[in-house]
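Below you'll find the structure, written out as structure tokens, and then a few comments.
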4 protein chains.
Amino acid sequence: MPIQKVTKEEILTKSLEVFRHRGYHNTSMNDLAHAVGLLKGSFYHYFDSKETLMKEVLMSVNILLQEEVFPIAYNSNLPIQERMETMLKRFSKTVFNKEGGCIVGNTILETVNLYPQFKEVLQEILTGWTNALTHLYSYTHAPENAKKLAEQSIMEYEGAIMMAKLYGESYYYKDCYIRTMERLKA
Amino acid sequence: MPIQKVTKEEILTKSLEVFRHRGYHNTSMNDLAHAVGLLKGSFYHYFDSKETLMKEVLMSVNILLQEEVFPIAYNSNLPIQERMETMLKRFSKTVFNKEGGCIVGNTILETVNLYPQFKEVLQEILTGWTNALTHLYSYTHAPENAKKLAEQSIMEYEGAIMMAKLYGESYYYKDCYIRTMERLKA
Amino acid sequence: MPIQKVTKEEILTKSLEVFRHRGYHNTSMNDLAHAVGLLKGSFYHYFDSKETLMKEVLMSVNILLQEEVFPIAYNSNLPIQERMETMLKRFSKTVFNKEGGCIVGNTILETVNLYPQFKEVLQEILTGWTNALTHLYSYTHAPENAKKLAEQSIMEYEGAIMMAKLYGESYYYKDCYIRTMERLKA
Amino acid sequence: MPIQKVTKEEILTKSLEVFRHRGYHNTSMNDLAHAVGLLKGSFYHYFDSKETLMKEVLMSVNILLQEEVFPIAYNSNLPIQERMETMLKRFSKTVFNKEGGCIVGNTILETVNLYPQFKEVLQEILTGWTNALTHLYSYTHAPENAKKLAEQSIMEYEGAIMMAKLYGESYYYKDCYIRTMERLKA
DNA sequence: TATGAATGAGCGTTCATTCAT
DNA sequence: GATGAATGAACGCTCATTCAT
């Protein structure tokens with residue numbers, strides 16, 4: 001009887017890590033298969049192509065964010081500051097990683113011109129993130145300003161993770177966090 | 001003298017464009033050669049490897065910036081605002097491109113963990129940029145703050161170019177410009 | 001089980017033949033693959049480089065000699081003359097071939113300065129051969145002389161195979177056999 | 001006015017050295033050109049192909065041997081022993097080299113099956129050598145035996161140079177010299 | 001004569017993918 | 001479900017050779 005060595009979820013989780021570290025084009029199906037303890041051929045029982053796999057990786061990230069991270073911003077039981085803080089921490093844990101950077105940013109820069117299916121998901125992620133931040137900033141700022149502040153925070157975060165990767169330092173990222181919190185104050 | 005179809009400079013310029021659009025790993029030597037009107041093999045008269053070529057592309061960008069762009073910030077004949085404005089425009093023209101994004105940011109995210117030689121040059125570029133901005137902000141802010149503002153501007157710019165690439169819109173980038181100018185005021 | 005067109009052993013055997021005929025550098029992976037009925041790329045399931053393949057070819061020859069040919073010299077159930085005769089014939093069948101010459105000699109001359117891993121195996125082969133001959137000559141000669149006679153026989157054999165290749169004649173080789181046998185007599 | 005940087009002779013001498021060290025197929029036209037201080041393209045003013053060049057290298061060796069080395073064997077002004085001794089030394093200086101081995105032996109094993117033009121010259125060389133040795137041995141042995149002894153000496157020499165190359169030792173070669181001299185005695 | 005840019009075929013190797021078992 | 005052998009195209013790179021200057 002066929003034994004199942006891994007679940008689709010495990011593959012997605014491990015693949016996310018490998019893609020984040022090595023980038024899309026520089027990661028081979030072999031790399032991914034080995035990372036999850038399968039042989040190359042077995043991979044194709046779960047995903048019919050490298051593109052499909054990457055798309056599903058991105059989608060699983062999106063689902064996690066939309067279901068468990070962004071909703072925090074709309075949880076009216078918590079104070080605004082706490083919502084922001086918690087959300088940022090959960091967000092970071094999901095998409096950032098000091099060594100490999102941000103799977104979202106990495107994938108945008110590397111693939112967005114080449115793979116429209118990736119673009120869709122990536123846009124959903126960033127739109128969800130923007131909306132969540134906009135919502136929080138709306139408590140203390142005019143709607144138009146709130147949106148701009150949200151975008152500004154996101155851009156800074158992505159820039160910060162880039163600097164962190166380049167210099168091997170994390171303070172860019174911390175400064176960014178502080179400014180994002182500061183902006184919550186009227 | 002043998003017939004010369006291209007100059008090394010042309011190769012660097014065209015290669016920059018191809019790398020920016022397609023990324024490092026997804027660009028083949030064939031792509032590059034065709035872009036300059038040569039055959040793959042002929043390329044190796046100018047560069048002895050893809051890595052060397054990319055490094056020289058990055059170095060040529062660095063030299064241009066260090067010699068012609070960053071010095072603008074230190075030109076005491078011009079008012080500060082004008083220095084900032086001119087420098088930002090020249091900088092953008094050099095490293096940004098709406099379709100392909102920023103060669104610096106793209107290359108950091110895709111290769112910095114893999115190619116230490118690239119990292120060096122990329123660090124020089126970002127350090128030069130940071131210093132130039134810090135210098136300008138120093139006129140109106142305390143030294144420590146000036147540095148933070150410079151870094152913030154850079155991070156925003158890199159984030160903005162990412163958003164521009166993802167959504168095909170350029171207003172992120174314009175907002176970023178406005179904020180960078182605003183920060184010049186005490 | 002996937003369809004298997006060849007075994008690793010078959011590859012080694014066929015590759016030995018191709019290397020012997022065409023030499024190491026003049027043999028392409030394509031040549032080798034076609035000789036065993038595979039495509040170039042498929043070869044890399046069995047060997048991860050041309051060097052590795054050649055090394056394994058040489059090692060398989062070494063193992064065959066050490067396990068099945070040289071032991072004949074030490075088989076005290078047989079008369080000395082018969083041991084020598086049988087061993088030489090088995091040896092010839094293993095490493096010589098009128099058209100391509102001697103895989104050992106060919107590879108020494110072509111690669112020994114360039115590939116230390118090959119050198120090791122080739123030395124083991126020649127040392128084994130020298131020892132076996134020395135052992136046989138020891139029955140009728142003083143130890144020091146026995147070693148010299150062994151070396152002399154080996155050198156003659158390698159020279160003979162070279163002459164045979166150059167002139168397309170095999171009598172050099174036969175003379176060599178006769179002299180090697182003659183030397184057994186006190 | 002065109003300056004001539006090298007003579008054809010120099011090219012042949014330098015190329016001989018490179019071919020001896022690196023073998024025929026593993027030597028590139030670039031290697032050869034650099035060894036003589038020319039650029040690749042300039043080489044083709046002297047030789048219209050790599051094959052032609054190698055053939056001329058071998059021919060120049062042949063001419064040297066036929067004109068200056070083998071005649072020593074027929075010089076009736078000198079005692080036989082001295083003729084042999086002088087000839088062997090001159091021969092060694094011409095075709096052997098401890099590091100690279102024997103250009104004749106190397107080239108036979110690597111190319112004789114592939115390049116008939118090389119074979120011709122190589123046969124001439126070995127025939128000339130055989131004749132010279134046969135002539136000397138004829139003084140003390142019956143004609144038929146003299147020929148066999150000549151061949152035996154040659155084979156040993158080629159085998160000895162192979163062993164020397166494999167083990168990095170030169171005593172094989174010296175033993176060979178001693179035996180070749182010994183055989184001169186009735 | 002010497003150059004060096006250009007060619008085009010071929011090299012060793014890697015890859016995403018297929019599929020019989 | 002998992003294997004691993006096989007494919008065929010593509011990769012980065014090297015090569016012998018050509019030829020305008």
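Every chain is numbered from 1, with letters handed out A, B, ... down the list of sequences.
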Integer-rounded Å distance: F:dG12 P and B:Lys55 NZ: 20 Å
Interatomic distance where CG belongs to C:Leu38 and P belongs to E:dT13 [whole Å]: 16 Å
Give a yes/no answer on whether the side chain of B:Tyr44 brings an N or O atom under 4.0 Å of OP1 or OP2 in F:dT14. no
So what does D:Thr52 hit on the nucleic acid, given a heavy-atom distance under 4.0 Å: a base, only sugar-phosphate, or nothing? nothing
From F:dG12, E:dT3, E:dA5, pick the nucleotide closest to the side chain of B:Met29? F:dG12
Residues A:Val18 and A:Ala35: closest non-hydrogen pair is CG2-CB, 3.6 Å
Tell me, yes or no, whether the heavy-atom count around A:His25 atom NE2, taken from other residues, nucleotides or ligands under 6.0 Å, exceeds 12. yes
Electrostatic pair D:Lys14:D:Glu17 at N-O distance under 4.0 angstrom: no
Of B:Phe43 and A:Thr27, whose nearest nucleotide on DNA chain E comes first from the 5' end? B:Phe43
Of D:Val112, D:Ile103, D:Asn62, which is the lone residue that meets side chain to side chain contact (heavy atoms under 4.5 Å, CB included) with D:Leu122? D:Val112
Please report the distance, rounded to the nearest Å, between CG in A:Asn30 and P in F:dT3. 13 Å
Indicate, yes or no, whether a donor-acceptor pair under 3.5 Å links the base of F:dG12 to the side chain of B:Lys40. yes
Closest to the side chain of C:Ser49, out of F:dT7, E:dT13, E:dA6, is E:dT13
Protein-nucleotide distance (D:Met54, atom CE; F:dA16, atom C1'), rounded to Å: 15 Å
Whether C:Ser28 contacts E:dC11 is assessed here as follows: a side-chain N or O lying under 4.0 Å from the phosphate OP1 or OP2. Is that the case? yes
Derivation and outcome, side-chain contact (heavy atoms from CB on, under 4.5 Å), residues B:His21 and B:Asn97: CA-CA 9 Å; B:His21 268 80; B:Asn97 169 294; 4.1 Å; yes
Report yes if a side-chain nitrogen or oxygen of B:Ser42 is closer than 4.0 Å to either non-bridging phosphate oxygen (OP1 or OP2) of E:dA5; otherwise report no. no
Out of E:dA5, E:dC11, F:dT7, minimum distance to the side chain of B:His45 belongs to E:dA5
Atom-pair distance (CZ on A:Phe47; C1' on F:dA2), nearest Å: 15 Å
DNA chain E base-pair string [pairs: Watson-Crick or G-U under 3.5 Å; |: paired with another strand]: .||||||||||||||||||||
Need to verify one output field. Residue with the more 5' nearest nucleotide on DNA chain F, D:Tyr24 or B:Glu51? B:Glu51
By nearest-heavy-atom nucleotide on DNA chain E, the more 5' of A:Asn26 and B:Leu39 is B:Leu39
Evaluate A:Tyr115 against A:Lys55 for side-chain contact (heavy atoms from CB on, under 4.5 Å), listing each step before the verdict. CA-CA 10 Å; A:Tyr115 306 89; A:Lys55 184 164 186 197; over 6 Å; no
Nearest whole Å is fine: how far is E:dT1 C1' from D:Glu10 CD? 14 Å
When we call it a touch if two heavy atoms are under 4.0 Å apart, what does C:Thr7 touch: a base, just sugar-phosphate, or nothing? nothing
Report, as yes or no, whether the 6.0 Å neighbourhood of atom CD on B:Glu99 holds more than 12 heavy atoms from other residues, nucleotides or ligands. no
Is C:Lys50 close enough and on-axis enough to C:Phe43, meaning under 6.0 Å and within 45°, for cation-pi? no
D:Leu32 CG to F:dT14 C1', straight-line distance once rounded to whole Å: 15 Å
Side-chain contact check for A:Tyr46: nearest option of E:dT13, F:dG1, F:dA5 is F:dG1
Atom NE2 of A:His25 and atom C1' of E:dA16 are separated, to the nearest Å, by 12 Å
